[in-house]
Protein chains: 2
Amino acid sequence: MSINRRLAATTARLLPGLNPSEGSGRVLVAALKLFAERGYAGASVRDVAAAAGVKPATIYAHYASKEHILAELCRVGHDEQYRGVRTAVLESGGESREQIVAYVRAHVGFHTTYPMLAVVSNSELHVLSEDLGAATFVLRRESEGLLQDIIKRGVQSGTFKVVDPWLAVAAIGGMGLRVAYWFSPAYKLSAEQVADGYAEFALRLLAADRPPVARAQAG
Amino acid sequence: MSINRRLAATTARLLPGLNPSEGSGRVLVAALKLFAERGYAGASVRDVAAAAGVKPATIYAHYASKEHILAELCRVGHDEQYRGVRTAVLESGGESREQIVAYVRAHVGFHTTYPMLAVVSNSELHVLSEDLGAATFVLRRESEGLLQDIIKRGVQSGTFKVVDPWLAVAAIGGMGLRVAYWFSPAYKLSAEQVADGYAEFALRLLAADRPPVARAQAG
DNA sequence: TTGCCTAACTAACGATCGTTCGGTTAGCTT
DNA sequence: AAGCTAACCGAACGATCGTTAGTTAGGCAA
């Protein structure tokens, strides 16, 4: 339509295994796209139904309410994000440097792979009632807590140097969040390159020591 | 109401001189608060009218449509933001280091001083038609272009070291944007401290040289 | 007082909102 | 062939949406 798009991505990707032509999945993908592009309140149930190739009444055969659709998207999104960063950090070495790189690469990777899911589950979360949002809030806190723990540990060991660890959490988390809005496969840098760049940014932001062993290479 | 607030700020601050009890200003401040907290589509004209202490019809004596209210908020917000960073950079010295510090401090300062204005003018902008959003888009490009120019200049002079200047623009801009969502006067750090911290983060992210003259002090 | 202007109001328009109810279809089991 | 189940749809409910037309109240000039 117009120049002012909410996010650069144009295709709604949901987790593998959930996309298929089954009714419930079609509705979820359609809602993902419309909620991402227009916001939850800006996309009507009729819009979602039309995009899913279904009549409005059919949606209520799969979801109890419009809010339940959003709750499911938020839960799936935060679940995948937390799963990604947690796995990446666990599989990295014990060094704080490695952990931050693993976290940021996974974090940015989620926002480039699932931009619409990231936008919806982060910027529409406030609509959910306390009950429907509870599961998502837990995951959000876990993700943020993990990053905070990595940074605090690195500061204590002297690897990182920041005045306030939480401010670094906010900065690193914030710059990663925004990636979902401007990244698209058509961007001049690949998702891998963006993730690498942001990981380097995070290391610099934390004033991280150069790697302990030889193979050092500056950004 | 619930835990899940869209942003931490609770009071709607508009630019000085626009707040007063005059009808048009009351409506604008009320719309600012509700659009920030619930989103443009999530806040009805009746809600805005009630918050402003007037009847719905009165709003149309001051603004042609609901969209015009949003357009005005977006314009004011981007105008103030651009004015702030531009002035700060111009008043700083010619050194790239000083310019980045000035830019980031002003950028973060805007987001801590006018969090609701920042949230609305950045995350509801996509609703505006091409016509109504045109003025705002120009200002947005100017702001981003200014940051990009500062970084490019610093890279050319060897002060900064980044592989892709635009990626640094995205990272620095993104981390500043998010401040509007979590900052509140009740936060443990003052707005000044947050701005200082983010300026330091930006310098580190760009791998800036230590200041050329003596008075160097590490973060 | 009269007339006018501004600003706010009451009341309502048609459209669209989320949601529900009852019925229809398609496919499988027996 | 008969019966069951799950999925889907047509039609409509009351509520709320953005917006407008017409009216009323108050201040000021004549």
Side-chain angles (χ1 to χ4, degrees), chain A residues 1-2 18-74 120 124-133, chain B residues 1-2 18-74 120 124-133:
Chain A
M1 299 263 183
S2 54
L18 286 174
N19 275 42
S21 55
E22 180 200 314
S24 144
R26 294 254 302 282
V27 170
L28 207 59
V29 173
L32 172 60
K33 181 173 169 66
L34 292 182
F35 289 174
E37 289 176 347
R38 312 182 195 169
Y40 173 78
S44 72
V45 172
R46 285 170 176 81
D47 293 335
V48 173
V54 166
K55 300 297 171 183
T58 304
I59 288 189
Y60 291 88
H62 300 289
Y63 299 95
S65 72
K66 186 189 181 188
E67 192 179 348
H68 279 79
I69 304 177
L70 177 62
E72 176 67 3
L73 287 172
C74 287
V120 169
E124 303 296 335
L125 182 56
H126 66 99
V127 178
L128 292 180
S129 68
E130 201 154 349
D131 280 359
L132 284 181
Chain B
M1 299 265 185
S2 55
L18 286 173
N19 274 44
S21 54
E22 179 200 315
S24 145
R26 294 254 303 281
V27 170
L28 207 59
V29 173
L32 172 60
K33 180 174 171 66
L34 291 181
F35 289 173
E37 288 175 347
R38 311 181 195 171
Y40 173 79
S44 72
V45 172
R46 285 171 176 81
D47 293 336
V48 173
V54 293
K55 301 296 171 182
T58 304
I59 288 189
Y60 292 87
H62 300 290
Y63 299 95
S65 73
K66 185 190 181 189
E67 192 180 347
H68 279 79
I69 304 176
L70 177 61
E72 175 68 3
L73 287 172
C74 287
V120 168
E124 303 296 335
L125 183 55
H126 65 99
V127 178
L128 292 180
S129 68
E130 201 153 350
D131 279 359
L132 284 181

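Just so it is clear, the structure is predicted and the values come from calculations on it, not from any experiment.
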Atom-pair distance ([atom1] on [X]; [atom2] on [N]), nearest Å:
X: K55(A); N: dG18(C); atom1: NZ; atom2: P; value: 16 Å
X: R26(A); N: dC8(D); atom1: CZ; atom2: P; value: 8 Å
X: I59(B); N: dT10(C); atom1: CD1; atom2: P; value: 14 Å

Tell me the closest heavy-atom pair linking [X] and [Y], and the distance in Å.
X: V27(B); Y: V48(B); result: O-CG1, 3.9 Å
X: I59(B); Y: V45(B); result: CD1-O, 3.7 Å
X: V120(A); Y: L32(A); result: CG2-O, 3.8 Å
X: E37(B); Y: H126(A); result: O-ND1, 3.6 Å
X: Y63(A); Y: S24(A); result: OH-O, 3.3 Å

side-chain hydrogen bond (donor to acceptor under 3.5 Å, both in side chains) contacts in which one or both residues fall within residues 48-60 of chain B, not counting sequence neighbours: none
Where do N or O atoms of nucleotides 5-7 of chain C meet protein N or O atoms at under 3.5 Å, pair by pair?
none

Check: E67(B) main-chain N/O paired with Y40(B) side-chain donor or acceptor under 3.5 Å: yes
Is any side-chain heavy atom of D47(A) closer than 4.5 Å to a side-chain heavy atom of R38(A)? yes
5' to 3', nucleotides 14-27 of chain D under a 4.0 Å protein heavy-atom cut-off (B base, S sugar-phosphate only, - none) gives ---BBBBB------
